[in-house]
Each structure stands twice: as structure tokens, then as C-alpha cells.
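Just so you know, ligand 1 is whichever comes first in the structure, and atom 1 is the first atom listed for that ligand. Hydrogens, waters and symmetry mates play no part in the numbers below; they use all other heavy atoms, side chains included.
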Amino acid sequence: MTEKLYDFDSHIKEFSAVVLKSGEDEKGKYVILDKTAFFPEGGGQGSDKGTINGMPVLDVQETNGGIRHYTEVLFNDGEQVQGEIDWERRFRHMQNHSGEHIISGIAHSLYGLENVGFHLGQTEVTLDFNGFLTREQLLKIEALANEAIYKNVPFIAEYPEKDRLKCMEYRSKLDLQDNVRIVTIPDYDACACCAPHVKTAAEIGIIKILDFYKMRGGIRVYIKCGKDALADYNEKYSNVYRISELLCAKQSESFDAVERLQREASALKHKISELKKAFIGAKISAFKPESEITALFEEELDIKELQLYADGLYKSFGGIRAVFSAQTNGYGFAICSKEDTLASFFGKMKQSLNIRGGGRNGMVQGTVLNTKEEITEFFNRSEL
Ligand SMILES: [Zn+2]
């Protein structure tokens, strides 16, 4: 079996060990050592990475026969090796995992909720509770969790004797009997957990709850702790900074500035729409139909405006009245006429041109992918 150095000292970064066994399984080549500081994958947390004798450790898994470190090479039995863990990665895992314990402990003691899921991913850290929490309750938990950091409370990991364990109160996802590792944060939490944790809460730096949503009778909470939280702050700061520069607003007033901009944009949109309606009305009044079937090309009209335009032309002049406006792909169009006349005309149009669209009650609309010349040519040779 492998002695777990991380069990009692989570800050061992380098260690020497002796190779107990090296071999190959379906995951690849591995080496089992007499002791290790590498934490294997487990409990929602990925394994440590690092090197053994300078060779990258790709994955670490715990098996009945010991902890397997997966590497690209085999080692000799009895060989003395030097292990080094990727401390950046480990410390990030500890900051987030320890932060999670504080939050879960507070949610448990304040609201009686159980943590029923934990995932420490590369970009996201989530915890699931078996009941709902409001935004206010989460803010309260976050404030208390950060209090624990200011107090610099210790994290104590131990394997209590069976009799003592029986009397202990602790959170646990599984019903464990033997060899249970308890991580205690005095006044905050006690939880069965096999992962390495910070020595004291100050190492976490900060605990930030970012988001939450309801799921399966409970709630999923997104958190970031320590360096992750600082990186998140920097990213958000950069956004707010750029928004405030762009809108010449104080950073603390950037939301109000964006809201104002949005109000102005929607007022302008409304104004443009009114002007377009007036423009269409004026165009219809000035229209001199040269034949019973006409196709007009206008710029910057959306489908609703094309419908308004074609309908107005038909109501004033009868015949078949079509209006087109260029889109990113082809032309948007609307055509109005008497219902049966339009049905047969549109049928012919679909045979001659590349059209997507349809309609009813004397109006069709859609998109045509042909050129202006091809569309005009079709209208010129059509008869009522
Ligand atoms: Zn844990």
C-alpha cells in the first residue's frame, strides 16, 4: 500500500519514494510508490499532476493495490525516485475545495441543507444542495464564509478511533465505517473527506458565490475561491473599466449608463420605425404604376415594412405589387394581390426563382436568392 503523504501534510511539494511496482493497465503505464504526495482523482476533484524523476505524471488513480501514477515510462522495482507535484494546480484545488467545505458547513448549520454534489473543474466549481437557498441566504453564507477566513480558522485532518468516530457529528455523503478521514474546521464544519486542504483558512484568500440555479429539488451553486476569484474579479473589472470608458461614466455607475443607452436605443428604434412608415406612405402616394405587375427595390426594409409597403400598393392600385429589399443573403420580399391571382403567380415565381417563403389571405413573403436582374426579368415577362 502507498502511504499518503498529503493526508497529514498538504504542503509537501517534493518527496523521495521507492518504486513498489511498475506496470501497464488499460489506462497506460503506471508506477506504485511506497509513499506519495500525489492526490488521486476522487470526490469530484481531478488528480494532482507533476513529475516523477522528471517524467510527467498524467493521471493518478487509487486502486486496491495502491495509488497508480500514470506516466509515459516504466520504472524499476526498488528504484528510488523523486516526485514533485504541480503546486499551482494543487493549491488551486485546495483553495476551492476548502472554500467549499466552509460554505457547505455554514449552509448545513444555518439552513439544515446537505451538500449532495461537488465538482471542481478546470474553469467551474459547483456544489449542489438538497434544498433551495435564496439570493439573500447565499449572500449571508458568503459573508460568514469570508469571516472564517478573516479569523484564519484551522483545518484539521485526522482518522479518529472507531469509538470516538461514533460520537462525532460530521457531514458525509457515504455511510463509512472504517478508516474515516474527518476534516474539521472548528466552529464551522466537520466532514468526511479524503482530499488535501489548506492548513488555515487565510490560505483560501476569498470565497465568492457567483451564481446559482434550481435543479432536482435543490440548488446548484457556482463558486470561485482564492486565485480563481481574483482572476474572475480582474475579468469583471476589465469589463466594467471598458464599459465606463466607452460611456464616459464612473465605474460604479456603469449599469445606469448602459440602461440609459438601452433606453435611448429603443427610443431611436421606435423613431426609425415611424419614419420608415412615413417614408413608405409617401412612396405609395407618389407611385405611378406602369403595369399591373410591379416589383420595387428599396433599401433597409424588414419583412414587416415590406408587407406594409406591398399591402399599401395593392390597396391603392390593385394588380400584383411586390417590394424587395436586399438582405445578407438575397432579397427579402412581400407580394400582395387578390388571393387566387397571387396563388397562381407565386406558384410560377417559385418555379422560375430560388425562393423560400409563403403566405395567405393575398399576401406572401420570404427570401429570394436570385439577382435583381433575374427577379426583374421574371416580373417583366409575367402577365396578369
Ligand atoms: Zn471534501
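Residue pairs meeting the ring-ring contact (aromatic ring centres under 6.0 Å, His included) criterion with at least one partner in residues 272-308, sequence neighbours excluded, are F287-F317, F297-F324, F297-Y331.
Looking only at atom types and distance, the side chain of E124 has no donor-acceptor partner in the side chain of H119 under 3.5 Å away. With no hydrogens or angles considered, no side-chain donor-acceptor pair links T294 and E290 at under 3.5 Å.
Screening the protein for N, O or S atoms under 2.8 Å from the Zn ion (ligand 1) yields 3; no waters enter the count.
With sequence neighbours excluded, the residues that form a ring-ring contact (aromatic ring centres under 6.0 Å, His included) with Y6 are F39.
Annotation: cation-pi geometry not satisfied between K208 and Y233 (NZ/CZ under 6.0 angstrom from ring centroid, within 45° of ring axis).
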What donor-acceptor contacts under 3.5 angstrom involve side-chain atoms of residues 347-363, with partners at least two apart or in another chain?
{"unit_1": "S352", "atom_1": "OG", "unit_2": "K348", "atom_2": "O", "d": "3.3"}

